[in-house]
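Okay, structure first, notes after.
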Amino acid sequence: MQRRILPLSEQDTPGLLRALARVPDPRDAGGRIHPLPGLLAIAIAAVVSGSSRVVETVKWAADLPDAAWDRLGAIRDAFSCPAGA
């Protein structure tokens with residue numbers, strides 16, 4: 001599968017994120033690492049790029065540059081180990 005990186009234009013992204021921010025987040029607040037709008041935007045962009053399976057979506061997202069993650073309101077790596085762990 002040939003992947004296009006970030007098929008959404010910079011002009012489309014803010015509107016998409018505003019719309020996705022209206023989606024209720026059913027997750028427990030203590031378990032939230034990534035903002036739901038960012039996760040949904042990544043998934044939408046991956047599907048538009050041709051991903052049809054979760055593993056393809058994860059691989060597609062892993063190929064995104066940091067700037068694309070920022071633009072989509074997502075966090076590449078919000079997990080950090082406590083000191084000494």
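Other residues sharing a hydrophobic cluster with V54 under the 4.5 Å side-chain heavy-atom criterion for ILVMFWY residues are V58.
Although no hydrogens or angles enter the test, the distance criterion places a donor-acceptor pair under 3.5 Å between the side chain of S49 and the main chain of A45. With W69 contributing its side chain and A62 its backbone, the two residues share no donor-acceptor pair below 3.5 Å.
Of all heavy-atom pairs spanning A43 and T57, the tightest one is CA-CG2, 4.2 Å. A pairwise comparison of heavy atoms in A21 and P37 identifies CA-CG, 3.7 Å as the closest pair. The two residues P35 and G73 make their nearest non-hydrogen contact at CG-O, 3.7 Å.
Note on V47 and I42: separate hydrophobic clusters, where clusters join Ile, Leu, Val, Met, Phe, Trp and Tyr whose side-chain heavy atoms are under 4.5 Å apart, directly or indirectly. No continuous path of hydrophobic side-chain contacts links L17 to L64 [ILVMFWY only; heavy atoms under 4.5 Å].
Here the CZ atom belonging to R71 is positioned 13.5 Å from the CG atom belonging to D66, to the nearest 0.5 angstrom. Rounding to the nearest 0.5 Å places CG of L20 at 4.5 Å from CG of L16. Atom CG of residue L40 and atom CG of residue L72 lie 11.0 Å apart, to the nearest 0.5 angstrom. Interatomic distance, L39 CG to R27 CZ, rounded to the nearest 0.5 Å: 5.5 Å.
Applying the salt bridge (charged side-chain N to carboxylate O under 4.0 Å, His left out) test to D70 and every residue at least two apart in sequence or in another chain returns nothing. For D28, there are no salt bridge (charged side-chain N to carboxylate O under 4.0 Å, His left out) partners at least two apart in sequence or on another chain.
Residues E56 and R53 meet the side-chain proximity criterion, which asks for heavy atoms closer than 4.5 Å.
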